[in-house]
Amino acid sequence: MSRAFPKPVVVVSKCLEFEACRYNGERISASFIGRLEPHVRFRPVCPEVEIGLGTPRDPIRIYLQGERKALYQPSTRRHLTRKMNAFSGRFLEGLEEVDGFILKAKSPSCAITDARIFPAPDSEEQIAQGAGLFAGAALEAFGSRAFVDEAGLNEPSARVGFLTKIFALAAFRQVRESGRTARLVRYHAENKLLFMACHQETMREMGRIAANHKKHSFGEVVSLYENALLRLLARAPGQASWVNALTHAMGHLSEKINKSDKARFLDALQEYREGRIPLDGPLETLREWTTRFGSEYLATQTIFEPYPGVLGVNRV
C-alpha cells in the first residue's frame with residue numbers, strides 16, 4: 001500500500017537540531033526532526049537571532065503591558081516587542097505556503113503554550129503561561145495549520161496527529177494547484193476513511209462540496225473544500241470515530257471474510273475501544289485482508305498510511 005507523498009512545508013525553530021543558537025549557545029537534540037527531514041521542506045528560523053540578539057545571549061522574558069504581551073531583556077533593560085513583532089510579521093507574510101510549525105517549548109519567542117509571563121519587566125513572580133511572541137503571531141496567521149513543540153513530538157498521539165495533518169494539507173495543496181475538479185474528487189475518495197475517523201459529518205459535507213452539483217467554479221469549490229478540511233483536521237480522532245471508520249472499512253470485505261474472522265476483528269475493535277490494545281492491531285488486520293482479497297477501494301485509502309511508513313510512528 002506504499003504511496004508517494006508530497007513534501008509538507010514546516011517552519012521549525014532553528015535551535016532544534018539545526019544550529020547552536022539557543023540563548024545559552026546550545027543546539028537542542030530532537031532526533032525525530034532528523035528522521036523527518038528527508039520527507040519535508042523545513043524552514044528553520046530563530047526569531048531572537050533575527051532581531052539582532054547574539055548567541056549566547058542574556059535571557060529575555062514576556063511581561064504584560066495592560067492586556068498585551070511585551071518582550072524585555074532584563075540585563076540590558078532593552079524593550080524588544082516592536083522588533084519581534086516586526087520580524088514576525090515580515091517572516092510570516094513571506095510564507096507562500098506552510099503546512100505546520102515545530103517550535104521550541106517554553107521559549108519567550110517560540111513557545112506555543114508554555115512561555116512564562118510576568119506582571120512587569122523586572123518582576124520575579126510568574127503569573128501565567130502562554131504563547132511566545134513569534135508563536136503567537138504564527139498562531140494568529142496560520143492557526144488552522146499543524147503546531148507542535150519538541151515535547152509533543154515525543155508523545156505518540158500528538159506526533160501522529162501532527163504528521164497526519166501536515167501530509168494531508170500538503171497533498172491538498174497539490175490538488176488546489178492542479179486546477180482540476182477530478183483531482184479534488186479523487187483526493188476526497190482516497191481520504192474518505194481517514195476523514196471519517198476525524199469527523200463523519202464534516203467528511204460527508206466535503207463529499208457534497210467535491211461533487212459540485214451546483215456547478216461552481218473550481219476556485220469556489222476548492223475554497224469551500226479547504227475551509228471544511230481545516231475544520232475537520234482540527235479534530236483529533238477519538239476511539240469511537242476510529243472504530244466507526246474501521247467497521248466501515250470491514251464492510252467492504254464483508255462478503256469475503258468468514259464469520260469467525262469477522263468476530264475476532266470486531267472483538268479487537270472492542271478491545272481497542274476499551275483501551276486494552278493499540279489501533280495498530282485492527283489496522284494491520286485490515287491491511288492483510290485488503291491485500292489477500294484484492295480490494296481496489298481499500299488499497300487506495302490513506303487511513304492505512306497517512307504519512308510515510310518509514311517514520312515508524314505507532315498509533316495509540
Taking the side chain as C-beta and beyond, is there a heavy-atom pair between Arg78 and Leu53 under 4.5 Å?
-> yes
Kindly indicate whether the side chain of Met250, heavy atoms from C-beta on, has any atom under 4.5 Å from the side chain of Leu266.
-> yes
Would you say the side chain of Pro44 lies within less than 4.5 Å of the side chain of Val12, judging by non-hydrogen atoms?
-> yes
Kindly check if the number of other-residue, nucleotide or ligand heavy atoms within 6.0 Å of CD (Glu255) is above 12?
-> no
Heavy atoms, side chains only, cut-off 4.5 Å: are Leu36 and Ile102 in contact?
-> yes
Closest heavy-atom contact between Pro59 and Gln73?
-> O-CG, 3.5 Å
Non-hydrogen atoms of Tyr187 and Ala168 that approach each other most closely = OH-O, 2.9 Å
Interatomic spacing from CG in Leu298 to OG1 in Thr290 - rounded to 0.5 Å = 4.0 Å
Where do Phe172 and Val222 land on the side chain to side chain contact (heavy atoms under 4.5 Å, CB included) test, with the steps shown first?
-> CA-CA 9 Å; Phe172 175 74; Val222 83; 3.6 Å; yes
Which heavy atom in Ala210 sits nearest to a heavy atom in Val185, and how many Å separate them?
-> O-CG2, 3.6 Å
When hydrophobic residues are tied together by side-chain contacts of less than 4.5 Å, even through go-betweens, does Leu16 share a cluster with Ile166?
-> yes
Decide yes or no for Glu37 and Glu17: does some side-chain heavy atom of the first lie under 4.5 Å from some side-chain heavy atom of the second?
-> no
Could you tell me whether Lys192 atom NZ has more than 12 heavy atoms of other residues or ligands within 6.0 Å of it?
-> no
Are any of the side-chain heavy atoms of Arg43 and Val98 separated by less than 4.5 Å?
-> no
More than 12 heavy atoms of other groups within 6.0 Å of Arg276 CZ | yes
is_close_aromatic(Phe118, Tyr72), centroid dist under 6.0 Å = no
Test log, rule salt bridge (charged side-chain N to carboxylate O under 4.0 Å, His left out), inputs Arg41 and Glu97 | CA-CA 11 Å; Arg41 288 186 284 156; Glu97 52 192 32; 2.6 Å; yes
Check whether Ile112 and Phe101 end up in the same hydrophobic cluster, where Ile, Leu, Val, Met, Phe, Trp and Tyr are linked by side-chain heavy atoms less than 4.5 Å apart.
-> yes
What's the verdict on salt bridge (charged side-chain N to carboxylate O under 4.0 Å, His left out) for Glu201 and Arg204, showing C-alpha distance, side-chain angles and the deciding distance?
-> CA-CA 5 Å; Glu201 289 306 313; Arg204 289 173 174 166; 3.1 Å; yes
Answer with yes or no whether the hydrophobic clustering places Phe142 together with Leu233; edges join I, L, V, M, F, W, Y residues whose side-chain heavy atoms lie under 4.5 Å apart.
-> no
Check Val221 against His216 and note the closest heavy-atom contact, atom names and distance.
-> CG2-CB, 3.7 Å
State which residue, out of Arg145, Arg173, Lys7, fulfils the salt bridge (charged side-chain N to carboxylate O under 4.0 Å, His left out) condition with Asp99.
-> Arg173
Side chains of Thr55 and Arg57: do they bring a donor and an acceptor to under 3.5 Å?
-> yes
Lys104 and Ser13 have their tightest heavy-atom pair at N-OG, 3.0 Å
Mark yes or no for whether Asn191, through its side chain, and Phe195, through its backbone, hold a donor-acceptor pair below 3.5 Å.
-> no
Taking it one step at a time, do Leu92 and Val11 satisfy side chain to side chain contact (heavy atoms under 4.5 Å, CB included)?
-> CA-CA 10 Å; Leu92 295 168; Val11 173; over 6 Å; no
Has the side chain of Gln239 got a donor or acceptor atom that lies under 3.5 Å from a matching backbone atom of Tyr272?
-> yes
Give the intermediate values and the outcome of side chain to side chain contact (heavy atoms under 4.5 Å, CB included) for residues Arg27 and Cys21.
-> CA-CA 6 Å; Arg27 178 179 63 85; Cys21 60; over 6 Å; no
Answer yes or no: does atom CD of Glu140 have more than 12 heavy-atom neighbours from other residues, nucleotides or ligands under 6.0 Å?
-> no
Co-membership, hydrophobic cluster, residues Val40 and Leu163, 4.5 Å side-chain = yes
Taking the inter-plane angle between the rings of His252 and His248 on a 0 to 90° scale, is it parallel (under 30°), tilted (30 to 60°) or perpendicular (over 60°)?
-> perpendicular
Backbone N/O of Gly130 and side chain of Thr113: donor-acceptor pair under 3.5 Å = no
Just wondering, do Leu133 and Ser88 contact through their side chains at under 4.5 Å, heavy atoms?
-> no
Rounded to the nearest 0.5 Å, what's the gap from CG on Leu311 to CZ on Arg159? Could you check?
-> 9.0 Å
CG-CD distance between Leu184 and Glu226, expressed to the nearest 0.5 angstrom = 11.0 Å
Co-membership, hydrophobic cluster, residues Ile60 and Ile62, 4.5 Å side-chain | yes
His39/Tyr307 aromatic ring centres below 6.0 Å = no
Have Glu155 and Ser157 got a donor and an acceptor in their side chains that come within less than 3.5 Å?
-> yes
Backbone N or O of Ala131 within a donor-acceptor pair of the Lys69 side chain at under 3.5 Å?
-> yes
Do Glu48 and Phe87 have side chains that get closer than 4.5 Å, going by heavy atoms?
-> no
Heavy-atom donor-acceptor pair, Gln301 side chain to Ala189 backbone, under 3.5 Å | yes
Minimum heavy-atom distance Ala228-Glu205, with the two atoms named | CB-OE2, 4.2 Å
What distance do Thr285 atom OG1 and Arg287 atom CZ have between them, rounded to the nearest 0.5 Å?
-> 9.5 Å
Partners of Asp261 by side-chain contact (heavy atoms from CB on, under 4.5 Å), sequence neighbours excluded?
-> Ile257, Asn258, Arg264, Trp289, Arg292
Quick one: pull up CD in Glu50 and NZ in Lys14 and give me the separation to the nearest 0.5 Å.
-> 6.0 Å
Could you tell me whether a side-chain N or O of Lys165 sits under 3.5 Å from a main-chain N or O of Ser144, the two making a donor and an acceptor?
-> yes
Could you give me the CA-CA distance, side-chain angles and deciding distance for Arg3 and Thr302, then say whether side chain to side chain contact (heavy atoms under 4.5 Å, CB included) is met?
-> CA-CA 9 Å; Arg3 62 192 185 94; Thr302 61; 3.5 Å; yes
CG/Leu229 to OG1/Thr202 distance, rounded to the nearest 0.5 angstrom?
-> 10.5 Å
Any donor-acceptor pair under 3.5 Å from Tyr23 side chain to Ser107 backbone | no
